[in-house]
Amino acid sequence: MRRGPIPDDDDDAVPRKGKVVTTTGGWPELLRCVTTKPPPILLDELIAEILLRIPARSLLRLRNSVCSSWRTLISSSQFAKDHLRRSMAVDPALTHPLIAYFARACEYPKIGVFSVRSVMENPPQEPTKVVSYEGRRYRIIIGSCNGLLCLHDEERGEDGFIISRRAMLWNPCTGFTSQPLEIAGVLSICGFGYDHVNDKYKLLAVVRKKSGEPVTTRMFTFGPNSTWRTIQDFPHNYFDFHSGKYLERLAGLYLSGTGTLNWLLYSYSSFVKVISLDLVKETYSQFSLPSRDSHDNLWMEPKLGILRDCLAVCYETKKTHWTVWFMKDYGVPQSWTKLTTIPHHPLLVHSPSCVALQPIYMLKDVLLAIAPSGKFVLCNLKDGSIDLPNINSSSDGMPRLLPLTQHASPRVFQLYHESLVSPSHFGLPSCSSEMRLIKPSL
């Protein structure tokens with residue numbers, strides 16, 4: 001059936017029986033509807049397809065300015081899944097990449113957030129601004145997945161003693177958090193990710209209830225009636241005194257598309273492997289990383305990361321440069337491919353240092369990383385140039401920390417992508433009051 005053109009709002013010949021609701025911000029012609037029922041102009045399927053092409057944050061701003069049918073569509077769990085699927089597979093620009101961080105040494109009840117694209121594209125004279133969110137207590141970030149951050153906190157009584165340990169999900173884009181989940185014990189090794197086969201979000205926790213008691217490995221599936229389940233023990237301690245092997249970090253890295261959590265296990269020898277947890281089967285596996293050069297400083301800790309949806313690792317090589325590798329075929333050691341080598345630079349090296357360059361994100365030919373000197377750095381892999389981005393962290397509410405332009409530590413950073421996914425979409429009670437955006441003072 002042939003459809004006529006969309007009538008213009010300024011055309012006086014078009015009869016109006018209801019109030020016209022329009023929006024601003026670049027979509028005036030596209031996003032509008034009439035509060036009464038006009039003759040059909042666009043098919044529902046076409047409307048949904050158009051809305052799926054709009055970034056998540058823009059959709060949220062427009063949600064209260066469109067008709068009820070569009071608002072219902074945008075708020076639905078199926079639309080959130082479709083939008084996420086399209087943005088990850090077809091148009092990554094729809095999932096705006098951001099970095100969230102908390103302070104490891106100072107227990108500020110705040111989380112700072114800044115734009116990755118701004119860091120990588122702004123000129124030096126235009127700083128990237130950090131926005132701050134404040135919660136009711138100090139929280140650490142366990143991991144991120146599909147726009148959700150998994151947070152962990154400890155609730156203390158009036159005497160200062162810990163009375164409960166909890167975890168919760170938070171979508172900074174929508175502002176919604178889930179009801180806190182009780183963790184019975186001290187959390188050590190952990191990880192948060194998505195079981196893409198069963199459409200479930202899961203939290204792994206290795207906990208010890210009391211000092212001296214053995215640890216237990218448990219899995220929690222987020223949902224309306226879920227509880228903790230004991231699963232197969234995690235195959236390694238954080239640090240093994242006898243073998244000298246230990247995990248690079250306690251929180252596993254979630255790799256989208258594989259449904260796995262990943263930890264780097266290494267020792268001060270040539271031994272280096274990845275421990276992988278399959279969130280679908282809830283089983284572990286191990287595979288090797290690229291071999292170290294015989295002239296490498298084995299005391300230098302390698303760094304695991306994710307670049308272009310692939311597992312990545314960075315070594316210091318021959319004490320003169322860093323080598324970044326990525327895994328083309330997940331779980332196949334033969335598929336490790338050298339991405340680039342980055343020469344040591346006076347602004348990036350800190351002596352003494354025992355860690356390699358930490359890869360964070362890649363946009364085209366530019367790598368965002370944290371150097372051993374503690375500075376964020378932009379490495380142009382095409383021409384070999386090095387730039388230090390200008391990040392203004394003065395409004396993050398963490399005054400005892402050095403500005404981000406001087407040093408990243410003792411902050412812990414987590415990359416995430418904006419989405420419409422909400423805890424309520426998978427049956428969890430949610431609210432919007434746990435994490436509050438702090439407006440910077442003028």
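Bear in mind the structure is a predicted one, so any value in this text is a computation, not a measurement.
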N198: which residues meet the side-chain hydrogen bond (donor to acceptor under 3.5 Å, both in side chains) condition with it, sequence neighbours left out?
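Result, side-chain hydrogen bond (donor to acceptor under 3.5 Å, both in side chains) vs N198: D195.
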Side-chain donor-acceptor contact under 3.5 Å, T317 with T323:
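Note: T317 and T323 side chains meet the donor-acceptor criterion.
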Donor + acceptor pair across side chains of N146, Y201 (<3.5 Å)
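Checked: N146/Y201 side chains pair up, N/O donor to acceptor below 3.5 Å.
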Evaluate the criterion side-chain contact (heavy atoms from CB on, under 4.5 Å) for residue pair M435 and I111; output intermediate values, then yes/no.
CA-CA 9 Å; M435 299 296 296; I111 291 177; 4.0 Å; yes
Pairwise distance [atom1]([X]) to [atom2]([Y]) - rounded to 0.5 angstrom:
X	Y	atom1	atom2	result
L261	S276	CG	OG	8.0 Å
L378	L367	CG	CG	8.5 Å
K273	L264	NZ	CG	12.5 Å
L169	F176	CG	CZ	14.0 Å
F326	C310	CZ	SG	6.0 Å
E434	S178	CD	OG	9.0 Å

Does the [X] side chain pair with the main chain of [Y], one donor and one acceptor, at a distance under 3.5 Å?
X	Y	value
T340	V324	no
S285	T283	no
H407	S373	yes
R71	V66	yes
H425	S75	yes
D365	L381	no
Q406	K375	no
N171	V421	yes
W70	L62	no

Among T227, I231, V207, which residue meets the side chain to side chain contact (heavy atoms under 4.5 Å, CB included) test with R218?
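Checked T227, I231, V207 against R218; only one passes side chain to side chain contact (heavy atoms under 4.5 Å, CB included): V207.
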Among F102, F376, Y361, which residue meets the ring-ring contact (aromatic ring centres under 6.0 Å, His included) test with F413?
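Only one option passes, and that is F376.
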Any idea which heavy atoms bring [X] and [Y] closest together, and the distance?
X	Y	answer
L279	M219	CD2-CE, 4.0 Å
Y138	A103	OH-O, 2.8 Å
R411	S393	NH2-OG, 4.0 Å
C379	I386	SG-CD1, 3.8 Å
H236	I275	CB-CD1, 3.9 Å
E154	R137	O-CD, 3.8 Å

Side chains of [X] and [Y]: closer than 4.5 Å at any heavy-atom pair?
X	Y	answer
I99	L368	yes
L357	K303	no
M398	V130	no
V215	Y238	no
T177	C431	yes
V186	R165	yes
L388	T405	no
L363	V116	no

Residues that W228 engages under ring pair (Phe, Tyr, Trp, His ring centres under 6.0 Å), provided they are two or more places apart:
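With neighbours one apart ignored, the set is F220.
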Any pair counted as salt bridge (charged side-chain N to carboxylate O under 4.0 Å, His left out), so long as it reaches residues 383-394, sequence neighbours left out
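Listed once each, the pairs would be none.
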Any salt bridge (charged side-chain N to carboxylate O under 4.0 Å, His left out) pairs touching residues 320-349, not counting sequence neighbours?
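Every pair satisfying salt bridge (charged side-chain N to carboxylate O under 4.0 Å, His left out) with a residue in residues 320-349: there are none.
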Between C106 and L401, is the side-chain contact (heavy atoms from CB on, under 4.5 Å) condition met? List the steps.
CA-CA 8 Å; C106 307; L401 306 187; 4.0 Å; yes
What orientation do W263 and F234 show, parallel under 30°, tilted 30 to 60°, or perpendicular over 60°?
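Judged by the thresholds at 30° and 60°, the geometry between W263 and F234 is perpendicular.
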Please report, to 0.1 Å, the donor-acceptor pairs under 3.5 Å made by any side chain of residues 246-260, with sequence neighbours excluded.
{"unit_1": "Y246", "atom_1": "OH", "unit_2": "Y266", "atom_2": "OH", "d": "2.4"}
{"unit_1": "Y246", "atom_1": "OH", "unit_2": "Y268", "atom_2": "OH", "d": "2.9"}
{"unit_1": "R249", "atom_1": "NE", "unit_2": "A251", "atom_2": "O", "d": "2.8"}
{"unit_1": "Y254", "atom_1": "OH", "unit_2": "Y194", "atom_2": "O", "d": "3.4"}
{"unit_1": "T258", "atom_1": "OG1", "unit_2": "L255", "atom_2": "O", "d": "2.9"}
{"unit_1": "T258", "atom_1": "OG1", "unit_2": "T260", "atom_2": "N", "d": "3.4"}
{"unit_1": "T258", "atom_1": "OG1", "unit_2": "T260", "atom_2": "OG1", "d": "2.6"}
{"unit_1": "T260", "atom_1": "OG1", "unit_2": "N262", "atom_2": "ND2", "d": "3.2"}
{"unit_1": "T260", "atom_1": "OG1", "unit_2": "Y330", "atom_2": "OH", "d": "3.3"}

Worked verdict on Y108 versus D396 for side chain to side chain donor-acceptor pair (under 3.5 Å):
CA-CA 10 Å; Y108 291 110; D396 69 0; over 6 Å; no
Kindly indicate, with the supporting measurements, whether the criterion side-chain contact (heavy atoms from CB on, under 4.5 Å) is fulfilled by L60 and C173.
CA-CA 8 Å; L60 290 172; C173 184; 3.3 Å; yes
Report the C-alpha distance between V272 and Y315 in whole Å, list the side-chain angles of each, state the deciding distance to 0.1 Å, and finish with yes or no for side-chain contact (heavy atoms from CB on, under 4.5 Å).
CA-CA 11 Å; V272 57; Y315 294 150; 3.4 Å; yes
Residues R86, E49: salt bridge by 4.0 Å N-O rule:
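The answer is yes: the pair qualifies as a salt bridge.
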Which residues satisfy the salt bridge (charged side-chain N to carboxylate O under 4.0 Å, His left out) test with R61, sequence neighbours excluded?
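R61 satisfies salt bridge (charged side-chain N to carboxylate O under 4.0 Å, His left out) with no residue once adjacent residues are dropped.
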